[in-house]
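The structure appears right after this line, and notes come after that.
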Amino acid sequence: MYTAAVTIWTNLKKDSVLFLLIFPVRNRLREIVGASTNWKDHQQALAERASLSQYLAQSQDELPAKTMKDSAIEAHLPLGTQPALREKYLNYHNSVRFGRILEDLDSLAVLICYSHTWNKELKRSPLSIVTALVDKIDMRKNIIYPDCDIKFTGHVTWVGKTSIEAKMHMSQYHDGAYTDVLDATFVMVARDPENKRAAFINPLKLESPEEEAIFQQGEINKTRRVELSTASLLKVAPTAEERTLVHNLFLNTLDTRTVSFRSRILPPNSVWIEDAKMKGLEICHPQERNIFNRIFGGFLMRKAYELGWANACAFAGCRPTLVAVDDIVFRKPVEIGSLLLLSSQVCYTEGMHIQVRVHTEVLDPLTRQHSTTNVFHFTFRVEKDIPAIVPQSYGESMLYLDGKRHFDETMRSQG
């Protein structure tokens with residue numbers, strides 16, 4: 001089922017890459033970490049993993065450098081040649097459920113990073129590699145056919161001391177050739193076998209000017225993420241330009257008859273931001289667990305995407321297409337048995353574009369405490385002009401500005 005195949009990969013020149021089907025990826029991950037496939041055995045498996053701490057490096061210098069080729073993987077989703085697989089991926093628009101693609105990308109990103117850190121002398125990896133964030137997913141094509149084979153390629157592109165970036169490319173075979181569908185950038189972190197503290201990972205050895213350029217882009221991505229985090233509206237005040245924008249939005253909602261701070265009216269062809277929400281609830285069952293017996297990050301992404309898509313569809317009154325996924329942050333793991341609350345908000349619109357933010361949190365039913373786990377940002381496009389979204393409160397104005405920032409960044413990155 002897992003065989004090496006020689007292929008040509010333009011970014012890495014000619015070399016051997018790991019070739020596999022997408023479906024066994026999670027089984028391969030279980031083999032790497034020694035995770036049990038039976039939920040009832042998970043406690044014993046966790047206890048056994050704790051003993052692997054002795055194999056952790058005390059510094060990055062102890063670990064051999066790996067090349068980009070060492071983590072290169074090509075995985076196939078044979079929707080065209082194996083029709084029985086289509087049911088899981090098919091949506092009622094006779095296209096592919098993008099939420100399922102997010103699940104596959106997440107699993108593949110983890111496997112790519114394990115390939116980079118793999119020690120062939122050990123039967124199991126002492127590292128717990130988990131998704132820290134999805135930096136960006138840019139769509140190159142709006143249509144994904146349900147009856148054509150899909151190919152994923154990816155490799156490690158940047159490495160820090162305990163974090164690692166993996167880039168993936170998805171293409172689909174149609175009309176006799178593979179065409180680009182999307183590019184994705186994931187950032188993972190390495191932790192000890194019990195997933196409690198950071199662990200060192202192998203440095204990256206660069207072998208060509210092309211690889212050096214890829215690595216430098218990873219450095220740029222890291223710097224950009226730090227700058228965006230520093231400028232977050234949860235930390236600092238809006239810019240002067242943003243404050244002027246919010247004030248003009250406020251002035252446009254004043255009732256000219258009363259000229260009162262408390263009297264607000266909705267401008268023509270507009271919707272209050274309060275009226276552009278949609279909520280959901282998931283009970284987190286063991287079926288959706290990852291190899292570390294917490295809820296699979298791809299499952300969280302799928303649920304958030306589907307709620308965000310439904311919200312955009314209801315808001316626009318027509319079917320939206322995805323433009324980009326941006327800045328998904330995994331703040332804390334979701335435990336089995338949690339009540340997962342999802343809240344989707346249309347927070348910015350411009351022309352035919354809709355920016356949607358999905359916030360997820362877990363509710364402890366015994367203590368009634370809420371804790372944020374993820375924030376997702378999706379950019380959609382529809383084939384008609386849509387109403388403007390209008391905030392009323394200061395908090396809603398910050399959601400509006402945050403949505404505008406993500407939308408502007410998406411438009412810049414797409415040229």
Side-chain angles (χ1 to χ4, degrees), residues 22 75-80 85-106 108 134-154 167-186 276 278 298 301-328 344 346-358 376-387 389 403 406-415:
I22 197 69
H76 287 251
L77 179 60
L79 297 180
L85 299 179
R86 295 176 194 164
E87 192 73 15
K88 179 180 178 181
Y89 286 80
L90 187 67
N91 66 24
Y92 75 98
H93 294 293
N94 199 35
S95 182
V96 169
R97 295 174 60 183
F98 189 74
R100 293 294 189 191
I101 299 298
L102 290 175
E103 291 182 325
D104 293 339
L105 288 171
D106 189 54
L108 191 60
V134 179
D135 187 298
K136 196 76 173 176
I137 299 177
D138 287 316
M139 302 301 297
R140 306 303 180 192
K141 186 177 180 181
N142 291 331
I143 298 175
I144 306 178
Y145 301 99
D147 56 354
C148 297
D149 288 359
I150 288 173
K151 179 172 68 176
F152 299 90
T153 55
K167 282 187 179 293
M168 291 164 288
H169 177 74
M170 174 179 154
S171 57
Q172 187 167 41
Y173 191 80
H174 185 66
D175 287 340
Y178 276 99
T179 56
D180 297 340
V181 176
L182 64 82
D183 295 305
T185 304
F186 281 56
M278 191 171 286
M301 285 192 283
R302 173 163 64 89
K303 288 300 180 181
Y305 168 78
E306 290 175 350
L307 182 65
W309 183 92
N311 194 12
C313 183
F315 178 84
C318 60
R319 181 187 176 192
T321 57
L322 182 68
V323 174
V325 181
D326 176 39
D327 193 24
I328 297 177
S344 174
V346 174
C347 51
Y348 183 74
T349 59
E350 184 174 314
M352 297 180 180
H353 289 90
I354 306 171
Q355 189 69 35
V356 178
R357 178 183 188 269
V358 180
F376 304 83
H377 300 274
F378 303 104
T379 306
F380 295 98
R381 188 181 188 278
V382 294
E383 296 303 319
K384 66 176 184 179
D385 288 330
I386 50 177
I389 203 78
H406 281 93
F407 174 76
D408 291 343
E409 179 64 26
T410 292
M411 293 298 103
R412 279 194 296 270
S413 69
Q414 297 201 343

Measuring from atom [atom1] of [X] to atom [atom2] of [Y], what distance do you get when rounded to the nearest 0.5 angstrom?
X    : Y    : atom1 : atom2 : answer
Y92  : R97  : OH    : CZ    : 12.0 Å
I137 : L182 : CD1   : CG    : 6.5 Å
L108 : M170 : CG    : CE    : 11.5 Å
K88  : L77  : NZ    : CG    : 9.0 Å
D135 : D326 : CG    : CG    : 7.5 Å

With sequence neighbours excluded, tell me which residues meet side-chain hydrogen bond (donor to acceptor under 3.5 Å, both in side chains) with [X].
X    : value
K136 : T410
S171 : none
D408 : K404
T179 : K141

Could you list the residues that satisfy side-chain contact (heavy atoms from CB on, under 4.5 Å) with [X], not counting sequence neighbours?
X    : value
D327 : V329, H377, H406
R140 : D138, D180, D183
D175 : none
Q172 : I144, Y145, C148, I150, V181

Does any part of the side chain of [Y], heavy atoms only, come nearer than 4.5 Å to the side chain of [X], both counted from C-beta?
X    : Y    : result
F376 : V325 : no
D104 : D106 : no
P387 : F315 : yes
L85  : P78  : yes
L307 : M278 : yes
P146 : E87  : no
V134 : T185 : no

Pairs flagged by salt bridge (charged side-chain N to carboxylate O under 4.0 Å, His left out) wherever residues 376-387 is involved - sequence neighbours left out =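 Found R381-E383.
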With sequence neighbours excluded, what pairs up with F378 under the ring-ring contact (aromatic ring centres under 6.0 Å, His included) test?
->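 Residues passing ring-ring contact (aromatic ring centres under 6.0 Å, His included) with F378: Y305.
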Would you please name every residue forming a ring-ring contact (aromatic ring centres under 6.0 Å, His included) with Y173, sequence neighbours left out?
->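 For Y173 the ring-ring contact (aromatic ring centres under 6.0 Å, His included) partners, ignoring immediate neighbours, are Y178.
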What closest approach, in Å, do [X] and [Y] show between heavy atoms, and which atom pair accounts for it?
X    : Y    : result
W309 : R319 : CZ2-CG, 3.6 Å
I389 : T349 : N-OG1, 3.3 Å
I354 : A316 : CD1-CB, 3.8 Å
M139 : L322 : CG-O, 3.4 Å
F380 : A312 : CD1-CB, 3.8 Å
R86  : L79  : NE-O, 2.6 Å

For the side chain of R100 and the backbone of L90, is there at least one donor-acceptor N/O pair under 3.5 Å apart?
->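 Side chain of R100 to backbone of L90, a donor-acceptor pair under 3.5 Å: no, none is there.
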For ring-ring contact (aromatic ring centres under 6.0 Å, His included), just list the numbers for F152 and H169, CA-CA rounded to whole Å, side-chain angles, deciding distance to a tenth of an Å, and then say yes or no.
-> CA-CA 6 Å; F152 299 90; H169 177 74; 9.7 Å; no
Applying side-chain contact (heavy atoms from CB on, under 4.5 Å), run through V323 and M411 and close with a yes or a no.
-> CA-CA 9 Å; V323 174; M411 293 298 103; 4.3 Å; yes
Listed by chain and number, what are the salt bridge (Lys or Arg N to Asp or Glu O under 4.0 Å) partners of D149, not counting sequence neighbours?
->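 So D149 forms no salt bridge (Lys or Arg N to Asp or Glu O under 4.0 Å) with any residue.
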Give a yes-or-no answer on whether the side chains of S344 and N311 include a donor-acceptor pair shorter than 3.5 Å.
->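 Yes, side-chain donor-acceptor contact under 3.5 Å.
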